[in-house]
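First comes the structure, then the notes that go with it.
In what follows, chains are A, B, ... by sequence order, proteins preceding strands, each numbered from 1.
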There are 2 protein chains.
Amino acid sequence: MGSKYAVGIDYGTESGRAILVDVATGEELATAVYQYSNGVMVDHLPAPDDDVSLEFDWALQDPADYLRTIQETVPSLLRQTGVVPSEVIGIGIDVTACTMLPTTADGTPLSELPEFRRSPHAWVKLWKHHAAQPQANRINAVASERGEGWLSRYGGKISSEWFFSKSLQILEEAPELYQAADRLIEATDWIVWRLTGVETRNSCTAGYKAIWTKGEGFPSPEFFGALHPGFAGIVAEKMSSDVVSIGERAGGLTEEAAEWTGLLPGTAVAVGNVDAHVSVPASTVTEPGRLVAVMGTSTCHMILGQKTAIVEGMCGVVEDGVIPGLFGFEAGQPAVGDIFAWYVEHGVPPEYHAAARDQGVDVHTVLETEAARLRPGETGLLAIDWWNGNRSVLVDADLSGVLLGATLETEAPAIYRALIEATAFGTRVIVDSFKDAGVGVEEIVACGGLPERNRLLMQIYADVTGLPIRVARSSLTGALGSAMFGAVAAGSAAGGYDHIVDAAKRMAHLKEEAFRPDPAAHAVYDLVYAEYRRLHDYFGRENDVMKRLKSIRAGVLAT
Amino acid sequence: MGSKYAVGIDYGTESGRAILVDVATGEELATAVYQYSNGVMVDHLPAPDDDVSLEFDWALQDPADYLRTIQETVPSLLRQTGVVPSEVIGIGIDVTACTMLPTTADGTPLSELPEFRRSPHAWVKLWKHHAAQPQANRINAVASERGEGWLSRYGGKISSEWFFSKSLQILEEAPELYQAADRLIEATDWIVWRLTGVETRNSCTAGYKAIWTKGEGFPSPEFFGALHPGFAGIVAEKMSSDVVSIGERAGGLTEEAAEWTGLLPGTAVAVGNVDAHVSVPASTVTEPGRLVAVMGTSTCHMILGQKTAIVEGMCGVVEDGVIPGLFGFEAGQPAVGDIFAWYVEHGVPPEYHAAARDQGVDVHTVLETEAARLRPGETGLLAIDWWNGNRSVLVDADLSGVLLGATLETEAPAIYRALIEATAFGTRVIVDSFKDAGVGVEEIVACGGLPERNRLLMQIYADVTGLPIRVARSSLTGALGSAMFGAVAAGSAAGGYDHIVDAAKRMAHLKEEAFRPDPAAHAVYDLVYAEYRRLHDYFGRENDVMKRLKSIRAGVLAT
């Protein structure tokens, strides 16, 4: 039997990225990217309906972009490599979450029906659509009042980004459209539905974004009814309580989808999955003890456990949520690379921009080089990394960033280093919280865009956490992980694998280099971290100055 | 009798500035500036001894630059105006303080003797020479142990900048030079000595910088002896306990000085004075209730009282220190304009620099215009203005700057505004401390470089403090104030005045425009100030994180 291949498609915020992977080795043979033609819609709907404007905090996508991604990228992979359709045994996909849409019973998005296309609520609500905050607040208040047991699994608070917040917003703001929607579904499940003709609901998004557990299912109709009488039947009427574990086969490619892709009808398709979560096995992690940090504009932290645990302020813990048979714990920092980007755009004086131009590198590289000359503790600065709030432990979007220790001698590279250190301290708080709850962390495996680009950042994370850090070999762990799940959907009989653990052993790899904590640096950072931790608790729990400043600001802007 | 004129010379850090003023009206007829040829020496002595390097925190000047200032500027004033020597009735000078030097018995600076010129301790120690911190620490410790009563007048702590700190450093580090010095003297008194041939010691620097009071004189020989056996006799041996009140005539110009200046021998010379202090009557303030803020790179606050009072953490209270017959209270913020300059140099991205170039203005102007579009409370930011420590109330050089409330949407003008607001909050803390101690403040009179240039800053100060702000008409209140004291030294019989209060009535003026607090803005700032005040006390008194960060930094730099 010759080589076998799998396709993984990673749907990001601005584009979809597909790769073709050798199932035996994980070798990435080709990549193809499709930039969404309608991108992220935040101001108005796409033409010809671009006179319909969107309110503050909205963020939509066009489901047609997801299908165009398939149609553009998969044929390109085959063309680039000469791989023939019979050699491709499976496909997996992952999408940002919660990214959801309303459809008819046959899966047609309401945005594709003439009667609804001018209604913003008919379109895909992207993960960063934050306009459902009032609904999230009410969900939290009602759940707390009713003593809903599931609330503690999500750190006591669910987010405006999540499935029921967004669904309730549709019901309240566009009741007729809510009525017309036969289904409300995660984008990842909708794409799988379009590929296979089979509607499935995956355990990952159900667990992390839709308050589902293996044992108890979804919250009760009584709970939903307490939010809004018309909401009581949402699960029975618009969803499916038949949740399929990730790692399963959702179905085979339909004739239509085979035509889109150039692959054979019946080719195995994995159940839908999520970008950060498929990165875990793609980073070689399929067992407890190693924390995966998907580091980009924000950071998502995932770690596996044999049993559930209540970890303070976590994003969630889901059985079968990441690796079938294990509990997956998720935490996050809502701004990491975004802070460095903000700083370069809004805080770095001209000389560093000029130096970057002269050297033909980006400003980050100039700052990193200068910042690397400073030793731990040398900046005299301490920053708190809450430029976009805090997502884990404190779980408070209204917290904000701090820079402390500035003097007339403070220069930009010191601030850049302090910002990197601040995000490392934020990661250490999360690691410590896991450890305190009995979820051991022995090593960090980093993946995503940042670790590739910034060696100083990796060393600082090792020195701050005191943990060794390895970096995933692939720079596309999302797409690779999806391809791995595609190989698992195909199964060993077809040349794939029967379990994601087996796939990870062969297809996932780490880079050779490890970042090991320097004991002297770690000792200094222990001192600075103690200061960070004290201010973390002071501003997070004792002095609500950040919230009051936001509230003063909101009051001023309202007049 | 025709018009009469007075000359005022204001010795700043980098240059000396002289003006010729009409005694009857305060009209400024001409200005002349001399840039010190040897400037501020921080790295090495001037050529040919520039192989002698200076240690960290040293800052020296060349006394010859002070005489060159006189020789260059005064003749220029006469040339520019056609005023004849007989019309000039008096001269006054002011110098930064404590700026001091060792001399022989005839007033020759030791730096002008061949045997000492290569010794750094022979030169003028400028106010910002901070290398005597160990000596200041010991003075404070010994004074506290011995229960010296004067300590409370200076907020419980004297500074490394002050006279006895600097003198003790000379004794300890260059004992042979200390022995050779017949006199240790403030630069302002030394210049007056060179002009008149008469050695005087003025009540202003004696009181504010050399722990002297009208009733009690200087600290006791026992106290000085407790610091160092060789220091016991400093007052009797190297100084003079005959302190002359500011407002008095020190003497008349010598033949030699008349030749330098082109003025007549015998022309009245006022006793030496200090830049910030002469600005008080030059800003029309000669009575209690109006606080003078001399605003430049740093801010000096002065207010008058009928009686002494213990005000928490003030720089000092001196009878006859500012206006004869009244107690002068002094407080300060060690970085104000310096913070804005730091921000423009180290924190403002290229687009604002480009806009400044395009518009032909400086970056401050661009930022001010943008920041003025924001309303009080709108930035969502709160800064603490301790970029150069805190000089009043907390009196702690190891405190450092804070910016809090940053988000990914924060832009440079908002930070600029927050920095201005922070310095205004710092001023309000000082105003409140005066009020709490029974020293009333009804109005602020601003002078110095900043108020002229930044209207937004003035309005923010009014809105934050809730006090009306007036601005001195003269942009050279130092030189004007000195000229006023020159007119007082001449006396009414010569066409001048008998008291500085009389001189102020005629020669000092305010600009027409007043900045009045906007009640709505003041109400918002009351809320933000409450947050500032809470963090001021937290970082100043509860959580020593800033000191620990500095200590961690020092530890790292020492290895």
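Between A/T423 and A/F340, some side-chain heavy-atom pair lies under the 4.5 Å cut-off. When side chains are defined from C-beta on, B/W386 does not count as touching B/D396, because their heavy atoms never get closer than 4.5 Å.
Put simply, of B/L527, B/T410, B/L382, B/V528, the one with the most heavy-atom pairs under 4.5 Å next to chain A is B/T410. With respect to chain B, the highest number of heavy-atom pairs below 4.5 Å among A/E351, A/E345, A/R548, A/E411 belongs to A/R548. Considering only heavy-atom pairs separated by less than 4.5 Å from chain A, the leading option among B/L381, B/L408, B/L399, B/I339 is B/L408. For chain B, the option among A/E409, A/R534, A/H353 with the highest count of heavy-atom pairs below 4.5 Å is A/R534. The candidate with the highest count of non-hydrogen atom pairs below 4.5 Å against chain B, out of A/N543, A/V524, A/V545, is A/N543.
The aromatic rings of B/W127 and B/H130 lie perpendicular to each other, with more than 60° between the two planes, well past the 30° mark.
When heavy atoms are compared at a cutoff of 4.5 Å, A/W387 approaches chain B by way of both its backbone and its side chain. For A/S551, no part sits under 4.5 Å from any heavy atom of chain B, backbone or side chain. Proximity to chain A (any heavy atom under 4.5 Å) is restricted, for B/L535, to the side chain, taken from C-beta onward. Residue A/F539 touches chain B through its side chain alone, counting heavy-atom pairs closer than 4.5 Å.
With respect to B/R428 and B/D526, a salt bridge is recorded, a charged nitrogen being found less than 4.0 Å from a carboxylate O. Under a 4.0 Å N-O distance rule, the pair A/D362/A/R453 does not qualify as a salt bridge. Using a 4.0 Å cut-off between charged nitrogen and carboxylate oxygen, B/R373 and B/E370 count as a salt-bridge pair.
Between the side chain of B/N390 and the backbone N or O of B/V395 there is at least one donor-acceptor pair closer than 3.5 Å.
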